[in-house]
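Have a look at the structure below before the remarks.
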Amino acid sequence: MQETQMMQYNFNEIEKKWQAYWAKNQTFKAENNSDKEKFYVLDMFPYPSGAGLHVGHPLGYIASDIYARYKRHKGFNVLHPQGYDSFGLPAEQYAIQTGQHPAITTAENIKTYRRQLDQIGFSFDWSREVRTSDPKYYKWTQWIFIELFNSWYNKETDKAEDIETLIAAFSSDGNAKVNAVCDEDIEPFSAAEWHAFSSKEQQEVLLKYRLTYLADTEVNWCPALGTVLANDEIVNGVSERGGHPVIRKKMTQWSMRISAYAQRLLDGLNTIDWPQPLKDSQTNWIGRSEGASVTFKVLDNLDPERSRSDQIGVSTTLNHQFEIEVFTTRPDTIFGASFMTLAPEHELVAEITTPEQKAEVDAYVEATAKRSERDRMADVKTISGAFTGAYAEHPFTKKPIPIWIGDYVLAGYGTGAVMSVPCGDQRDWDFAKHFNIDIPNIFEGVDISEAAFADKEKTVISNSDFLNGLPYKKAVKTAIYELEKLGQGKGKINYRLRDAVFSRQRYWGEPFPVYYVDGMPQMLEDKFLPLKLPEVDKYLPTETGEPPLGNATIWAWDTKQLSVVSCSLIDNETVFPLELNTMPGWAGSSQYFNRYMDPHNDEAIFSKEAIDYWQDVDLYIGGSEHATGHLLYSRFWQKFMFDKGLVPKDEFAKKLINQGMITGTSAVVYFVIARFAKDKPFYIAVSKSSIAVLEETIKKWRNKTPVNSKPFRYSILNRRYANVDYINSSDELDIERFLGDSMNKDFEGAVFLGENDTEIIDNNDAYKVVREVEKMSKSKYNVVNPDDIVAEYGADSLRLYEMFLGPLEQSKPWNTAGITGVHGFLKKLWKLYTPIIDGSLSGAEVKPSAENLKTLHKTIKKVEEDIENFSFNTSVSTFMICVNELTTQKCTSRAILEPLAILVSPYAPHIAEELWEKLGHTESISTAAFPTFEPKYLVESAKEYPISFNGKMKFTMELSLDLSKDEIEAAVMAHEKTQQQLAGRTPKKVIVVPGKIVNIVG
RNA sequence: GCUCGAGUGGUGGAAUUGGUAGACACGUUGGACUUAAAAUCCAAUGGACAUUAGUCCGUAUGGGUUCAAGUCCCAUCUCGAGUACCA
């Protein structure tokens, strides 16, 4: 009795023991130099929120941990680090409300996270932990910012270069020969002019070329909240929080010239093994479109005294003052352009509008300005616009075409102006129909009376002079050629990708290592980094509307003392103001994967040795919500670092996997509020099976209830979430615990109807809830905390179950009840080893049987394939099959059980370590060599052939695999069941696929 | 609207290149053990019909290709994710 007690699977004890062992022995510490081949497995590091982890969070970590452990067994030197993305809004929000410093909140949250992560048994190398809010870490975020500032993008070499090479070019040749990605409004200057510029003028020019630069950017400013809001924080033009008005306001902010990398970011996608949907959304986000830019000359205003139609076609003079540049993907349709449309915000609107149209245009511009961008986008159906009264000259026909404004043209895309081709674009078509504008047809054999025709492939151009008869592609080429000849256009590739605004008006983020001299930004020297966040007494913006750092009293840079000093000393001679904005959330996460390679280096972001050894991430696992944020910015920074020669790879992660979301399974109690006459109302809760037949159910209940002659009424169905902890595996509610919740006080005296529609008294029946799959959230009481699961079933069960739930990349519902399956498996596994461990098996080693070996090698093969394919759910079932078989076989052979422990170890490391030790090993199982699959154990001599008739399987028969096709056919035809099936008919055909199937047709 | 993905028992999900649909679990039902419960073990479990051997129907729907289709092709429906007046 005592002995069996000892031999029980005590997961609590085992898991604590091995977690302590791993920590003490630094089992998973990775070395930066090793003869072993490297393998880098990375998780997206978490933001440590106050709520802690729920069971959905560890899913990706478990998968990556399995892979990391597997690779160690395979002999790799594995880097598997973890850290925290610890700057962010929630901590700041909490600070605003409570005054608690975000650093303190963050540290507390990290502690909780670490405890929760530790008890799941991850093989993280915690010695490499990074925190983005740690000055030792953000020193390097600031450093990269400075590097970007000191760089420009040379289109000739197609890479980022040091700003010195640009200055050298300016000094010798001015900017005429420089082919750079830069601001649009660059004025040409010569070398002499460059030298004549003042220092400030030179700085201003350079700022237009730098990869991070200051620009006036429109933001959503909420005066009442004193803060800038993101687009999704605005609803119907007012702030989501508080409902305050929001205005568009220009602010000087840092931007990142990510647009310089648009093409390379697109091309790079072909070189990496990332999920297609994610690549698609990045492609979409970058939004490359090929076409042409075309310049339209604006005509002098026509004579307002004469009617418009009179003047169309008459010779007009060109007003050389104004030109409108448009971008089009369909230069082939240029002869179909019957009008132009400008965005209401277009800068030329005010210039070209004729006096008599001014009132209408102004009213329209004002009306659109009031609508938020979001509203405009949402309201696609309504067509609106106004005629400016001005005309442009068609580049080829030289005819005047009217210029309209309309809010379907967006100021932020392309040039904010379009040539409108109503026959070829549905939006133009709708606009033209609405305002009764001419819709010329330039497509051969196409009816455009009902809708525009946009099928490029079927396009043949007509009514278009030199383009007549040409198909789409040729027409595009020809049109561009002719436009270039005229000097009124050229082929152009346009990207949707905009430069990224890099300033945030927040406290809890990286400070910019920047001070201002005469309004021009100056970088701190590297040796003064990190520039640490100053203390402030409140975390809100200042009364004058400056960012929270404006509250800091010690926030000025003294260029003599070379230190941060009190703001009161600012004299703009030697002491200057520091930047008040902070960096956005994605700053810290854009290079953390490289910093892990050498996280304690104070001399460099990482050593050359470290980056040369680790190179890049081999496997990156995380959620798909970062598709166009973190994962795009990180690729951008990596390419920049690559250009600077700092990293050897221009893509940071070879393979990426998006784990799916684990949703909650909420439990819903349906009830009606009932009452007898004027008695006190009471609740009747209706069990799952009876909801659909509510009326009948209540009637039944009434009939069984002691007669109450008073009139009876009840309400429609109501619902109430029950805490999922109160539900057993059969969806039955623990009514007592449910009633114990303070929020369910109103259920006092409620009648619970069981499955048989009888009132539940003393557990005579069960109340079944309705289960609904939804996102885990506090308000739905469906959040499952991994702590509880670990306490009740152990970390190994949790790990196995999360994997067993389904394919890694798929979203799937959590249901705690099912965990008994994998928990039972671990118990069976434990039991399998008992005879060997407790010594009840005395004497010599037991030789494995052929059957044992077959089971083992089948398992090795399948598990290895599964891990390589990230099909972790199927390997868990493979383990179950294996243990079930070995149990039936009563296997006690060490030669089987030792390799099995290694196979299981990546998935359930604690039990594997314990069994390994009990088998007599003194070293951790974590680096034991993964067993080798040997096909010889799986060789079969016979096969159970399915015999089908017209494709339908009727019976099976065992046949030797040595048989030839003819022999198989003969054997099958001779079988009595075959004759039965044929019932005298002669088969038309017999298909024999040796080793697979026999199909008899006829 | 567009792009991508997915529809398989009561539930989560298996099913290599087209070759025995429903592995492995959960749940359910019955049984063993127990004073009882828990735990454990055994058996059954896609549906319909049939006392029995068995027959028919079954992978969202409708067509098609094939000796053979969950798997390939076409059309339709539903759900999910992303994105959006992108010229």
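Letters A, B, ... mirror the listed sequences (proteins, then strands); counts begin at 1.
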- Message: Quick one: does any side-chain atom of A:Lys861 pair with a main-chain N or O of A:Phe933 as donor and acceptor, under 3.5 Å?
- Response: no
- Item | Side chain of A:Met880 - closest among B:rU20, B:rC24, B:rC85 | B:rC24
- Item | Gap between atoms NZ and P, on A:Lys279 and B:rA81 respectively (whole Å) | 24 Å
- Query: A:Lys954 near the nucleic acid: base, sugar-phosphate alone, or nothing, with a heavy-atom cut-off under 4.0 Å?
  - Reply: sugar-phosphate
- Item | Short side-chain to backbone donor-acceptor contact, A:Thr855 and A:Cys882, under 3.5 Å | no
- OP1, OP2 of B:rA87 versus side-chain N and O of A:Ser289: anything below 4.0 Å? yes
- A:Lys828 NZ to B:rC41 C1', straight-line distance once rounded to whole Å: 10 Å
- Item | Sub-4.5 Å side-chain heavy-atom contact between A:Lys831 and A:Tyr9 | no
- Task: Tell me what A:Asn999 touches on the nucleic acid: a base, only sugar-phosphate, or nothing, going by heavy atoms under 4.0 Å.
- Result: base
- Just call it for A:Val1001: base, sugar-phosphate, or nothing, with non-hydrogen atoms closer than 4.0 Å on any strand. sugar-phosphate
- Query: Using a cut-off of 4.0 Å on non-hydrogen atoms, how would the nucleic acid contact of A:Glu865 be classed: base, sugar-phosphate, or nothing?
  - Reply: nothing
- If we take the P atom in both B:rA15 and B:rG7, what is their distance in whole Å? 12 Å
- Message: Do A:Asn494 and A:Ser289 pair up side chain to side chain, a donor and an acceptor below 3.5 Å, judged on atom types alone?
- Response: no
- Query: Roughly how many Å is it from CD in A:Glu732 to C1' in B:rU28, rounded to a whole number?
  - Reply: 11 Å
- Query: Does OP1 or OP2 of B:rA14 have a side-chain N or O of A:Asn873 closer than 4.0 Å?
  - Reply: yes
- Query: Using atom C1' of each nucleotide, how far apart are B:rG63 and B:rG13 to the nearest Å?
  - Reply: 30 Å
- Relative to each other, are the rings of A:Phe431 and A:Tyr408 parallel, tilted or perpendicular (30° and 60° limits)? tilted
- Would you classify A:Lys827 as touching base, sugar-phosphate or nothing, given that sugar-phosphate means primed atoms plus P, OP1 and OP2, and contacts are heavy atoms under 4.0 Å? sugar-phosphate
- Task: For the residue pair A:His626 and A:His630, categorise the inter-ring angle as parallel (less than 30°), tilted (30 to 60°) or perpendicular (more than 60°).
- Result: perpendicular
- Query: Does A:Gln810 have a side-chain nitrogen or oxygen under 4.0 Å from the phosphate oxygens OP1 or OP2 of B:rA6?
  - Reply: no
- Item | Distance, C1' atom - from B:rA14 to B:rG70, rounded to whole angstrom | 12 Å
- Do A:Ile727 and A:Leu733 have side chains that get closer than 4.5 Å, going by heavy atoms? yes
- Query: Which nucleotide, B:rC86, B:rU20, B:rU83, lies nearest any side-chain atom of A:Ile997?
  - Reply: B:rU20
- Which part of the nucleic acid, if any, lies within contact of A:Thr329, taking any heavy atom under 4.0 Å across all strands shown: a base, the sugar-phosphate backbone alone, or nothing? sugar-phosphate
- Task: Please tell me which of the listed nucleotides, B:rG13, B:rA87, B:rC67, lies nearest to the side chain of A:Arg427?
- Result: B:rA87
- Message: Counting the atoms with a prime plus P, OP1 and OP2 as sugar-phosphate, which does A:Lys996 contact under 4.0 Å by heavy atoms, base, sugar-phosphate, or nothing?
- Response: base
- Item | N or O in side chain of A:Lys989 less than 4.0 angstrom from B:rC67 OP1/OP2 | yes
- Just by distance, with hydrogens left out, do A:Thr295 and A:Glu323 show a side-chain donor and acceptor under 3.5 Å apart? no
- A:Leu278 atom CG is separated from B:rU83 atom P, nearest whole Å, by 11 Å
- If the P atom of B:rC41 is compared with that of B:rG18, how far apart are they to the nearest Å? 40 Å
- Message: Between B:rA39 and B:rC56, how many Å separate the two C1' atoms, rounded to a whole number?
- Response: 43 Å
- Message: Could you tell me how far B:rU55 sits from B:rG5 if I compare only their P atoms? Round to whole Å.
- Response: 41 Å
- Message: Heavy atoms from C-beta onward define the side chain here; which of B:rA87, B:rC24, B:rG19 lies closest to that of A:Ile991?
- Response: B:rG19
- Taking atom NZ of A:Lys854 as the centre, does the number of heavy atoms from other residues, nucleotides or ligands within less than 6.0 Å exceed 12? no
- With the side chain of A:Thr956 defined as its heavy atoms from C-beta on, choose the nearest nucleotide among B:rU20, B:rC86, B:rU3. B:rU20
- Item | Closest nucleotide among B:rG19, B:rA23, B:rA39 to the A:Ile881 side chain | B:rA23
- Using the C1' atoms only, state how far B:rU40 lies from B:rU34, rounded to an integer number of Å. 11 Å
- Calculate the interatomic distance between A:Gln426 atom CD and B:rG1 atom C1'; express it in whole Å. 11 Å
- To the nearest angstrom, how far is A:Phe933 atom CZ from B:rU16 atom P? 17 Å
- Could you measure between the two P atoms, the one in B:rC4 and the one in B:rU76, and give it in whole Å? 15 Å
- Item | Closest listed nucleotide, where the reference is the side chain of A:Arg496 and the choices are B:rA23, B:rC67, B:rU83 | B:rU83
- Can we call the ring centroids of A:Tyr801 and A:Tyr793 under 6.0 Å apart? no
- Can you tell me how far P of B:rU3 sits from CD of A:Gln276, to the nearest Å? 14 Å
- Message: Side chain of A:Lys943 only, heavy atoms from C-beta on: which candidate in B:rU20, B:rA87, B:rA23 is closest?
- Response: B:rU20
- Protein-nucleotide distance (A:Ile1000, atom CD1; B:rG19, atom P), rounded to Å: 19 Å
- Message: Within the 4.0 Å heavy-atom criterion, would you say A:Thr820 contacts the bases, only the backbone, or no part of the nucleic acid?
- Response: sugar-phosphate
- Task: Write out the stems for RNA chain B, ordered by first number and formatted as range with range, counting runs of at least 3 consecutive Watson-Crick or G-U wobble pairs under 3.5 Å.
- Result: B:1-7 with B:77-83, B:10-12 with B:24-26, B:27-32 with B:40-45, B:46-49 with B:54-57, B:60-64 with B:72-76
- Reckon A:Asn884 touches a base, only the sugar-phosphate, or nothing at all at heavy-atom distances under 4.0 Å? sugar-phosphate
- Message: Looking only at the side chains, is there a donor atom on one of A:Thr415 and A:Glu325 sitting less than 3.5 Å from an acceptor on the other?
- Response: no
- Query: Mapping A:Asp280 and A:Asn950 onto RNA chain B by nearest heavy atom, which one lands closer to the 5' end?
  - Reply: A:Asp280
- Message: Which is it for B:rG9, anti or syn, if anything within 90° of zero counts as syn?
- Response: syn
- Looking for any heavy atom pair under 4.0 Å, which part of the strands does A:Asn815 touch: base, sugar-phosphate only, or nothing? nothing
